[in-house]
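The structure presented is a predicted model; accordingly, all values stated were derived computationally and were not measured. All chains are named by letter (A, B, ...) in the order of the sequence lines, taking the proteins before the strands, and each is independently numbered beginning at 1.
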Protein chains: 2
Amino acid sequence: MIPNEELTVEAVAQHLGITARTLHYYEEMGLIEPTCRTAGGHRLYDEKVVRKLEHIMRLKENLGYSLSEIRHLLDVETSLDGIRASLNNRDVSVDVRLRQLEDAKRSLQGLLSQIDGKLENLKSMQQRYQERLNRTETLLERLESQAVTTNEGK
Amino acid sequence: MIPNEELTVEAVAQHLGITARTLHYYEEMGLIEPTCRTAGGHRLYDEKVVRKLEHIMRLKENLGYSLSEIRHLLDVETSLDGIRASLNNRDVSVDVRLRQLEDAKRSLQGLLSQIDGKLENLKSMQQRYQERLNRTETLLERLESQAVTTNEGK
DNA sequence: ACGCTTCCTTACGTTGACGTTAGGTTTATG
DNA sequence: CATAAACCTAACGTCAACGTAAGGAAGCGT
């Protein structure tokens with residue numbers, strides 16, 4: 001994959017297994033932006049947006065987040081990056097940055113505790129269904145051997 | 001919690017943090033059934049249904065399953081229980097049972113691989129956000145000490 | 001230059017999972 | 001036994017997350 005390649009909307013959509021409409025919708029919702037447009041107005045994306053979209057899809061599919069919740073999280077992340085980038089900028093007061101950082105911390109902690117909860121739930125479900133599968137497999141083997149002997153008896 | 005207690009629709013809903021409408025809807029979709037009705041037609045549930053509902057909610061919230069997917073899974077589970085219960089019933093042919101068992105096995109394997117995938121995804125997300133939180137916390141501490149010294153200098 | 005595909009914007013349609021009335025019945029309680 | 005609270009069925013409303021269609025412009029291969 002060539003870096004800085006400019007991808008059309010269909011290219012991105014196909015790569016991610018979604019549709020162009022979804023990209024447009026995410027743009028409407030303020031989740032993504034095309035990196036640039038052609039003279040005629042066609043959208044062009046780059047690798048960075050693709051990674052962001054993969055991130056969005058993980059948040060959706062693994063945590064069941066709504067698009068507005070995802071937007072909030074992305075805002076938190078970019079806010080953090082912004083603070084990091086402007087650390088030696090005297091124009092931003094320390095107080096403002098402290099508030100932003102504490103908001104970000106709370107958001108991240110909330111997210112992490114949700115992830116922890118999901119992990120626990122998933123592990124117990126995994127165990128439960130693994131046991132069920134094991135029982136099913138032993139039962140299946142018993143019935144298979146029974147079917148064989150039945151056929152042999154013919 | 002007294003076993004075999006008969007719970008009204010509101011009691012169940014409150015216990016689970018959902019609404020009566022949701023219970024009715026799940027009944028419409030074939031996910032649950034009240035264990036019985038009063039003479040006047042009011043629904044009554046027992047502990048078993050409550051556990052089933054908790055199971056349903058886990059499938060929804062942790063795996064993002066739709067109600068029809070959940071219905072399918074529940075059907076598989078009851079089918080398995082049915083086979084187990086009628087093992088010494090000669091009326092059911094071995095062939096039929098074998099097919100049902102193999103279907104069930106496939107469904108369970110699919111579910112388990114989905115769970116595995118989610119677990120992996122969640123773990124990597126957990127790591128990513130944990131690192132982000134750590135960086136945020138160290139940054140916060142740095143800024144806090146900075147704010148303190150600034151105030152001291154006044 | 002021309003045809004075909006891709007993309008644009010705008011706008012209405014759809015689907016799942018409930019929420020919300022409405023009008024009438026049942027059940028619990030003083 | 002009356003009456004308020006909970007419940008019933010049936011039906012329409014809602015919201016997020018897209019799907020789909022229309023009419024026109026842009027890109028591109030030859």
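- For D:dG27, one of the phosphate oxygens OP1 or OP2 lies less than 4.0 angstrom from a side-chain nitrogen or oxygen of A:Thr38.
- Rounded to whole Å, atom P of D:dA6 lies 16 Å from atom CG of B:Leu23.
- Ion pairing between A:Glu102 and A:Arg97 fails under the 4.0 Å rule for side-chain N and carboxylate O.
- Within the 3.5 Å criterion, the main-chain N or O of A:Leu44 finds a donor-acceptor partner in the side chain of A:Thr35.
- Side-chain atoms of B:Glu61 never come within 3.5 Å of backbone atoms of B:Arg58 as a donor-acceptor pair (strictly under, hydrogens ignored).
- Remark on the helix from C:dA1-D:dT30 to C:dG30-D:dC1: inter-end axis angle 20°, axes from five-pair C1' superpositions, rounded to 10°.
- What separates NE2 of A:His42 from C1' of D:dG27 is a distance of 7 Å, to the nearest Å.
- A salt bridge (charged side-chain N to carboxylate O under 4.0 Å, His left out) with B:Glu27 holds for exactly one of B:Lys52, B:Arg37, B:Arg71; it is B:Arg37.
- Contact annotation: B:His24 side-chain N/O to D:dC8 OP1/OP2 distance is under 4.0 Å.
- Residues A:Leu80 and A:Leu101 are in side-chain contact: their nearest non-hydrogen atoms beyond the backbone lie under 4.5 Å apart.
- The interatomic distance linking A:Ile18 (CD1) with D:dT20 (P) rounds to 15 Å, in whole Å.
- In this structure, A:Leu122 CG and B:Leu119 CG are separated by 5.0 Å, a value rounded to the nearest 0.5 Å.
- Distances shown here put a side-chain N or O of B:Arg43 below 4.0 Å from the OP1 or OP2 atom of D:dC8.
- In this entry the distance linking CG of A:Leu44 with P of C:dT6 reads 16 Å, nearest Å.
- Atom CD of A:Glu69 and atom P of D:dC15 are 17 Å apart (whole Å).
- A straight line from CZ of A:Arg37 to P of D:dG27 spans 12 Å, rounded to a whole angstrom.
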Practice prompt. Encode nucleotides 14-24 of chain C as B, S and - characters from 5' to 3', where the letter depends on protein heavy atoms closer than 4.0 Å: B to the base, S only to sugar-phosphate, - to neither.
Written response: ---BBBB----
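- Among the nucleotides C:dT9, C:dT26, C:dC7, the one closest to the side chain of A:Thr8 is C:dC7.
- A distance-only check finds no donor-acceptor pair linking the side chain of A:Ser79 to the backbone of A:Asp75 [under 3.5 Å].
- A:Arg132 and B:Asp81 are joined by a salt bridge, as a carboxylate oxygen and a charged side-chain nitrogen come within less than 4.0 angstrom of each other.
- A distance-only check finds a donor-acceptor pair linking the side chain of B:Ser86 to the backbone of B:Gly82 [under 3.5 Å].
- When distances run from any side-chain atom of A:Val9 to the nucleotides D:dC7, D:dT9, C:dC7, the shortest one goes to C:dC7.
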